[in-house]
Amino acid sequence: MPEGGKPQGSADPTALWRQWSETTSKAWSSALEASKEQYADSYNLYRSWLKSVGNAPDPTKLNPLGRMNPKEIWKLWFDSTVGVWRTAAESGGDPLGLLTVWLKLMEDTQARILSGEALPTNLFAFYKQWYDAMSDTWAKFVEDTIGSEKFLEMMRPFLESYTTFLKTFRNAEEEYLRSLQIPTRSDVARVAELVISLEEKIDQIDDAFEDGYARIATRQSIAELDSRLGQVASKLIPLSTVAEKMGAMEAITQRLSQVESKLDPLSAVAEKVGAIEGITQRLGQVEVKLDPLPTILDQVRSVEGLAQRLEQVESKLDTLPAALEKASEVERLTQRMDQVESKLSAVLAALEKLVAQASAESAQPATATPRRAPRKTASQLEVKSSESQVGAE
Amino acid sequence: MTKELSTGFSIENTLSTLKRYETGMRILLEGAHANTGQTPKEVIWAKNKAKLYRYAPEVEKRFPVPILIIYALINRPYVMDLMPGNSLVEYLVNQGFDVYMLDWGTPSDEDKNLTFENYVLDYIPRAVRKVLKHSHAEEFTLLGFCMGGTMSAMYAALFPDKPLRNLILLTAPIDFTLENLGLYGVWMDEKNFNPDLLADAFGNIPGDLIDTGNRMVKPVTNYVGTYVTMWDRILQDKSMDTWLAMNKWVNDGVPFPGAAFKQWIREFYQQNKLVKGQIFLRGRRVDLSRITCPVLNIAGKRDHICTLPQAEVTMRLIDSKDKEFFVLDAGHVGLVTGSDAKKNLWPHLKNWLEARSK
């Protein structure tokens with residue numbers, strides 16, 4: 001507003017407000033009278049206030065310099081407003097007694113402000129001074145009010161009716177949308193609950209991995225696995241060759257096939273699930289089982305050598321019947337030799353006996369010594385006996 | 001004191017005043033905008049709406065024991081990392097601590113059946129696993145704020161052994177004796193308030209409603225005083241950063257899952273079961289005397305959301321040999337942010353942790 005000026009004519013907002021208030025109040029009053037109900041006519045209060053403001057002396061006339069005196073403005077406003085409120089409170093328009101307390105607060109505030117220094121002309125500074133002056137009292141009043149049994153008694157039915165209305169309204173909305181085949185918020189919430197359950201399951205799997213039941217397959221672990229599989233495969237190649245020759249190898253081949261069949265899906269699973277440890281252990285077992293294979297192969301080769309040697313032995317044995325025939329002949333000869341030897345022994349014994357008799361005879365002196373026959377040599381005797389035996393045969 | 005403007009008319013003064021009023025009106029109409037939670041962080045685990053943040057250290061990690069911050073189910077956790085220079089998280093990270101925080105996110109309709117069983121037995125233990133794995137640590141420090149402190153205490157009672165090394169309770173309500181709760185005590189009385197009504201009607205209790213409840217404890221301060229301060233700062237050309245950040249946080253409430261809300265009001269406020277050792281989570285009794293680890297219990301003298309007696313009782317209930325009750329002349333939020341927090345709480349917290357994080 002320009003300094004020293006006052007709104008003129010129809011542009012005066014106070015006049016416009018007054019006009020609007022009159023019109024509205026009349027309309028409301030008519031409506032209320034028609035319904036024969038008793039309501040507090042807030043517009044009447046407002047109209048009275050506007051009237052008092054309109055009747056207030058022009059502040060510019062109070063100050064010859066045309067400057068607004070804040071204290072005067074405050075006093076004018078306070079006198080014109082509080083008077084109306086007091087009238088309203090006294091006429092029974094304040095069932096909770098709030099207006100009475102408010103008036104008391106206002107009067108206290110007025111006393112504080114007016115007893116202080118000159119009021120600032122700045123709107124905010126004025127307001128802040130007012131707030132600082134009365135905030136504690138105001139706060140206590142509000143807190144006492146909202147913490148009072150009377151307030152809570154009012155709130156209980158309000159809360160009950162409000163929540164009942166809200167629940168009923170929401171249920172009706174749901175039913176209506178459902179009848180139109182339109183998904184509702186609760187439908188979306190149900191889907192979201194499913195997603196959350198899925199998340200929970202993923203978390204549980206994640207926990208299982210972290211607990212060491214499995215590990216994530218890394219590039220390195222897969223490469224290691226691949227390399228070890230290569231080693232296994234290289235060991236399996238000679239094994240299959242040997243298995244063709246040896247029946248015992250069939251069982252191993254079958255088991256290896258089982259291992260391979262288990263390894264195939266495992267390697268695929270390992271990429272995602274990473275159950276490397278179990279596979280590694282099993283591979284280790286396979287390797288342990290495969291380690292003695294070279295020795296077995298050597299043994300197989302030695303068996304082959306033995307077979308050759310057996311063949312040689314067999315070939316040698318083939319000559320045995322002829323040899324055995326000769327041997328039986330030898331045996332017979334031996335037996336005959338034994339017989340000859342026994343005969344010769346008998347001859348020798350007879351000869352010795354004879355010799356002994358002869359020597360005994362030669363040892364007798366009285367008797368005429370017989371002419372000594374020349375002694376035969378043993379060899380002569382043997383020849384003779386042999387001849388005699390031959391002759392006997 | 002407000003700067004008195006010149007009573008004389010001048011275009012410069014008028015324009016300047018108008019500019020200030022425009023700033024104020026813009027805030028009132030559009031709400032407060034501020035860049036909050038700016039300490040660099042990464043999400044290391046997420047489940048449903050919950051996210052586990054790990055704050056990126058800008059200095060070398062000095063302590064092997066990581067800190068896991070558990071925030072409340074109401075309001076947003078960025079009050080712990082409000083803005084650069086006024087952030088508890090930033091301070092701890094810069095001191096060489098490995099800091100993690102569990103942000104519960106914004107619950108939606110599908111979360112209305114979540115209960116404290118879910119939070120204490122499912123989410124927190126899993127977050128703990130993730131923290132330990134990520135930090136390659138065997139032990140950790142649990143720091144709970146407000147209701148997050150109550151949940152942390154319950155976790156500590158149910159899992160008292162390793163890996164829990166230290167427990168820090170920041171303005172954590174444990175005793176809900178109504179006489180100690182001021183206006184809350186009157187409102188929460190069973191004869192005045194039935195939580196089922198709200199939970200059944202809303203599903204999740206709207207954040208605005210929770211905020212209103214909290215603000216009504218100090219209605220004049222919260223609804224009028226805040227804006228008086230705002231205008232005062234604007235008209236005196238003072239920095240608005242902290243005011244904007246705080247106002248944004250205050251108005252940025254999240255819904256409270258209905259089932260958890262019912263539990264919170266019924267079992268904690270109205271029946272005060274936690275102190276009596278009568279809280280059971282999936283059949284497991286929450287016995288606070290099982291807490292034996294070192295405990296730092298912090299409370300504010302001017303806190304009207306968690307009053308001193310509510311927090312103090314913890315000292316009597318736990319069985320820790322190494323325990324301390326640290327009281328500051330601060331309110332619920334002023335405890336962790338602002339100049340007083342920087343001067344009093346943060347250094348104390350650092351010193352306490354330093355000795356117990358090696």
Side-chain angles (χ1 to χ4, degrees), chain A residues 2-3 67-68 70 120-132 134-143 145-149 151-153 155-156 159-160 162-170 184-186 188-196 199-200 202-204 206-207 210-211, chain B residues 1-9 17 20-21 24 45-49 108-114 118 122 125-126 129-130 132-133 182-187 189 191-194 196-203 216-225 227-229 231-232 234-236:
Chain A
E3 200 171 354
R67 288 247 174 108
M68 293 184 292
T121 51
N122 176 274
L123 180 66
F124 174 75
F126 173 73
Y127 171 70
K128 187 167 187 301
Q129 194 167 348
W130 176 77
Y131 173 78
D132 289 342
M134 67 169 291
S135 63
D136 288 344
T137 322
W138 189 16
K140 187 177 180 313
F141 161 67
V142 175
E143 285 167 27
T145 305
I146 61 178
S148 68
E149 193 59 36
F151 178 80
L152 293 168
E153 268 175 24
M155 287 304 292
R156 274 196 296 268
L159 188 65
E160 278 172 24
Y162 175 68
T163 51
T164 306
F165 164 75
L166 189 71
K167 201 160 69 174
T168 311
F169 184 70
R170 287 193 170 185
T184 61
R185 279 179 70 91
S186 52
V188 177
R190 269 194 290 277
V191 176
E193 278 176 22
L194 293 175
V195 175
I196 294 164
E199 267 189 320
E200 172 63 27
I202 292 170
D203 269 340
Q204 284 172 0
D206 198 30
D207 287 349
E210 283 177 17
D211 284 343
Chain B
M1 187 68 195
T2 308
K3 187 171 75 178
E4 192 159 336
L5 296 177
S6 166
T7 51
F9 176 79
T17 306
R20 290 182 183 118
Y21 278 109
W45 172 68
K47 183 187 172 186
N48 196 354
K49 319 295 183 300
S108 193
D109 286 7
E110 62 273 16
D111 303 313
K112 68 181 178 188
N113 294 319
L114 288 178
N118 297 110
D122 298 338
R126 194 157 275 144
R129 289 171 67 108
K130 300 294 173 188
L132 294 175
K133 188 187 170 204
L183 273 181
Y184 269 140
V186 180
W187 295 342
D189 195 302
K191 72 175 192 292
N192 293 326
F193 183 59
N194 178 4
D196 295 359
L197 287 177
L198 285 180
D200 293 345
F202 286 104
M216 287 302 280
V217 179
K218 289 281 172 194
V220 175
T221 308
N222 290 323
Y223 283 108
V224 185
Y227 294 98
V228 172
T229 307
W231 284 113
D232 197 24
I234 289 174
L235 294 172
Q236 292 195 64

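Residue numbering restarts at 1 for every chain, and letters A, B, ... go by the order of the sequence lines.
With chain B as the partner, the residue from A/T164, A/T168, A/L166 showing the most heavy-atom pairs under 4.5 Å is A/L166. Contacts with chain A were tallied for B/S108, B/A201, B/G185, B/G182; B/A201 has the most, counting heavy-atom pairs under 4.5 Å.
Contacts between A/L152 and chain B at a heavy-atom distance below 4.5 Å involve the side chain alone, from C-beta outward. For B/D111, the part lying under 4.5 angstrom from a heavy atom of chain A is the side chain only.
For B/Y223, the OH atom counts as densely surrounded, since its 6.0 Å shell holds more than 12 non-hydrogen atoms of other residues, nucleotides or ligands.
Taking CG of B/N118 as the reference point, atom CD1 of A/I196 lies at 10.0 Å (rounded to 0.5 Å). Atoms CZ and CG, from A/R156 and B/N194 in turn, are 11.5 Å apart once rounded to the nearest 0.5 Å.
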Checklist entry - Where do A/I146 and B/L183 land on the side-chain contact (heavy atoms from CB on, under 4.5 Å) test, with the steps shown first? => result CA-CA 8 Å; A/I146 61 178; B/L183 273 181; 4.0 Å; yes
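The side-chain heavy atoms of A/L159 and B/L198, taken from C-beta on, include a pair separated by under 4.5 Å. Using a 4.5 Å heavy-atom threshold, the side chains of A/R170 and B/F202 count as touching. Side-chain contact check for B/N192 versus A/E149: some heavy-atom pair is nearer than 4.5 Å.
By the ring pair (Phe, Tyr, Trp, His ring centres under 6.0 Å) test, A/F151 pairs with no residue at all, sequence neighbours left out.
The salt bridge (charged side-chain N to carboxylate O under 4.0 Å, His left out) test with A/D206 is passed by exactly one of B/R129, B/K130, B/R126: B/K130.
Contact between B/K47 and A/E199 at its shortest, heavy atoms only, is C-OE1, 3.9 Å. A pairwise comparison of heavy atoms in B/E110 and A/A189 identifies CB-O, 3.3 Å as the closest pair.
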